[in-house]
Number of protein chains: 2
Amino acid sequence: MTHLVDPVVVTPDFECCKDCIGFNLRKATRAVSQFYDELLRPIGIRSTQYSLLVYLHMSGSITVTQLADNVVMDRTTLTRNLNVLEKEKFVTVISGLDRRTRLVTITQDGLVILDKAYPLWYQAQSRIKGAMSEAQLNGLLDNLSALVKAVQPNETLKN
Amino acid sequence: MTHLVDPVVVTPDFECCKDCIGFNLRKATRAVSQFYDELLRPIGIRSTQYSLLVYLHMSGSITVTQLADNVVMDRTTLTRNLNVLEKEKFVTVISGLDRRTRLVTITQDGLVILDKAYPLWYQAQSRIKGAMSEAQLNGLLDNLSALVKAVQPNETLKN
DNA sequence: TATTGGAAAAAGTATATGCACGTATTATTC
DNA sequence: GAATAATACGTGCATATACTTTTTCCAATA
């Protein structure tokens, strides 16, 4: 005959926290972003700014919320990041037809800095890619996408 | 007979920037860290703080620079993160034997909050792990470690 | 059409991040 | 032992990040 065990408080096994996805992601992001930033430093922009400018170049004019959704960034974070780019004259932010919305557009100055930044970014990207196989790289990118999908609130629940 | 081509400025192919390791890492880190933070919110600490407390619990007393090296965090970033934990009485920071150093130690309060946080962290970690196979997870962690090693300045050059 | 509900965005507050620089302490060298 | 180099750390400044609250505007409905 079996008995229920007492509800004891088990000391957590913190050893397994070494495999925390969040911790390891943040650690790698710090290191990798610093690496890109270092190569971009000569022209005075950071990797976060480069990524936003590239996206704006590819997307064309876009509202703040749409851009935030697309790059998986909190809207208020994006607003502040855009303020920096606007101050540098790399983007313009104007009111949309729906006057609640704000349309973000890359400027000529933004395109110029993008062209300057591209070879620097490419160098950083190449060096990092050199540390892993093509299969590893594709696997990594796939896994990162899967993570984003896994943790994002289900959009279908909105309807 | 071959000729050297004119040194033309080629329009960059920004399409390939979609595979930027830094951009995709940051994006996943934003989403994933938010997910952990959401589950940790009931007890009032963030995933960054949880990770630091876990590390301090496992390592015992440690200097700021050693800790920064181990978690691949800028020393000044760590100082500020520790200030928050110190304010909450989760860690103590005292002068070491070498009076230049500062010894960081987790407190009783820190251990208490750790025990409370563990099941919440475990739940988040489990849900995320559920989105991928064991092989994928191990591959991801391996790739993240490889990235950190790839971009870190070669330590042997210091000697 | 007046109201009400929802959407888009900014501002306030706080943590996270890192570079440049300065200070205190230890180690080294002459 | 004094001068110098190296180490450990913090502060000032700026960007990156996100939650909460408030404001503005559009849409739907009674």
Side-chain angles (χ1 to χ4, degrees), chain A residues 22-23 25-38 40-42 44-52 62-69 71-88 90 93-104 151 158-159, chain B residues 22-23 25-38 40-42 44-52 62-69 71-88 90 93-104 151 158-159:
Chain A
F23 171 65
L25 271 177
R26 286 190 296 275
K27 183 163 68 172
T29 297
R30 284 193 295 268
V32 168
S33 285
Q34 261 186 86
F35 186 73
Y36 284 92
D37 286 348
E38 190 179 339
L40 286 173
R41 194 161 305 142
I45 67 170
R46 301 186 178 191
S47 53
T48 48
Q49 302 170 347
Y50 176 77
S51 297
L52 274 183
I62 188 173
T63 68
V64 174
T65 295
Q66 277 179 330
L67 181 55
D69 285 346
V71 299
V72 190
M73 185 179 286
D74 187 273
R75 193 175 40 70
T76 66
T77 299
L78 179 58
T79 293
R80 285 162 159 91
N81 290 357
L82 289 174
N83 284 343
V84 178
L85 294 176
E86 200 180 11
K87 196 178 60 185
E88 299 284 342
F90 294 151
V93 184
I94 61 172
S95 204
L97 284 182
D98 181 336
R99 279 182 303 171
R100 290 172 301 183
T101 66
R102 305 261 287 161
L103 271 182
V104 188
V151 299
K158 281 188 178 178
N159 306 329
Chain B
F23 171 65
L25 271 177
R26 286 191 296 274
K27 182 163 68 173
T29 297
R30 284 193 295 268
V32 168
S33 285
Q34 265 186 83
F35 185 73
Y36 283 93
D37 286 348
E38 188 178 340
L40 286 172
R41 196 162 304 141
I45 67 170
R46 302 186 178 190
S47 53
T48 48
Q49 301 170 348
Y50 176 77
S51 296
L52 275 183
I62 188 174
T63 69
V64 174
T65 295
Q66 278 179 328
L67 181 55
D69 285 346
V71 298
V72 190
M73 185 180 286
D74 187 272
R75 191 179 43 72
T76 66
T77 299
L78 180 58
T79 292
R80 288 168 220 274
N81 291 356
L82 290 174
N83 285 343
V84 177
L85 294 176
E86 202 179 9
K87 196 178 60 184
E88 301 283 342
F90 294 150
V93 184
I94 61 171
S95 202
L97 284 182
D98 180 339
R99 279 183 303 172
R100 290 172 299 183
T101 66
R102 305 260 287 162
L103 271 182
V104 187
V151 300
K158 283 188 177 177
N159 306 328

For B:Leu52, the option from B:Leu85, B:Val84, B:Ile45 that meets side-chain contact (heavy atoms from CB on, under 4.5 Å) | B:Leu85
Side chain to side chain donor-acceptor pair (under 3.5 Å): pairs with one or both residues in residues 78-87 of chain A, sequence neighbours excluded | none
Within the sub-3.5 Å range, which N or O atoms of nucleotides 17-20 of chain C have a protein N or O partner, and how far apart are they?
residue : atom : partner : partner atom : Å
C:dT17  : OP1  : A:Arg30 : NH1          : 3.1
C:dT17  : OP2  : B:Asn81 : ND2          : 3.0
C:dG18  : OP1  : A:Gln34 : NE2          : 2.8
C:dG18  : OP2  : B:Asp74 : N            : 3.2
C:dG18  : OP2  : B:Thr77 : OG1          : 3.4
C:dG18  : N7   : B:Thr77 : OG1          : 3.4
C:dG18  : O6   : B:Arg80 : NE           : 3.4
C:dC19  : OP1  : A:Gln34 : OE1          : 3.3
C:dC19  : OP2  : A:Gln34 : OE1          : 3.3
C:dC19  : N4   : B:Thr76 : OG1          : 3.0

Please figure out whether B:Glu88 or A:Gln66 has its closest DNA chain C nucleotide nearer the 5' end.
-> A:Gln66
Side chain to side chain contact (heavy atoms under 4.5 Å, CB included) with B:Leu103: which residues, sequence neighbours excluded?
-> B:Ser61, B:Thr63, B:Ile94
Starting from P on C:dT26, measure out to CG on B:Leu97 and report it in whole angstrom.
-> 10 Å
Integer-rounded Å distance: D:dA16 P and B:Leu25 CG = 17 Å
Considering only side-chain heavy atoms of A:Thr65, which listed nucleotide, C:dA8, C:dA16, D:dG10, is closest?
-> C:dA8
Walking DNA chain D from its 5' end, the first of A:Arg100 and A:Gln49 to be reached, judged by nearest nucleotide, is A:Gln49
Nearest-angstrom distance from the residue atom CG of A:Leu78 to C1' of C:dA8 | 13 Å
Atom-pair distance (NZ on B:Lys87; C1' on C:dT15), nearest Å | 9 Å
Whole-Å gap separating C1' (D:dA6) and CG (B:Asp98) = 12 Å
Could you tell me the separation between the CG atom of B:Leu103 and the C1' atom of D:dC9, rounded to a whole number of Å?
-> 13 Å
Among C:dT26, D:dC26, D:dC9, the one nearest A:Arg99 by side-chain distance = D:dC26
Taking atom C1' of D:dA18 as reference, at what distance in whole Å does atom CG of B:Leu40 sit?
-> 15 Å
Would you say the side-chain atoms of B:Arg30 and A:Thr77 include a donor-acceptor pair closer than 3.5 Å?
-> no
Residues A:Lys27, B:Ser51; criterion side chain to side chain contact (heavy atoms under 4.5 Å, CB included); working and verdict | CA-CA 11 Å; A:Lys27 183 163 68 172; B:Ser51 296; over 6 Å; no
Would you say A:Leu25 and B:Leu25 make side-chain contact, with heavy atoms under 4.5 Å?
-> yes
Can you tell me how far C1' of C:dT15 sits from CG of B:Leu52, to the nearest Å?
-> 12 Å
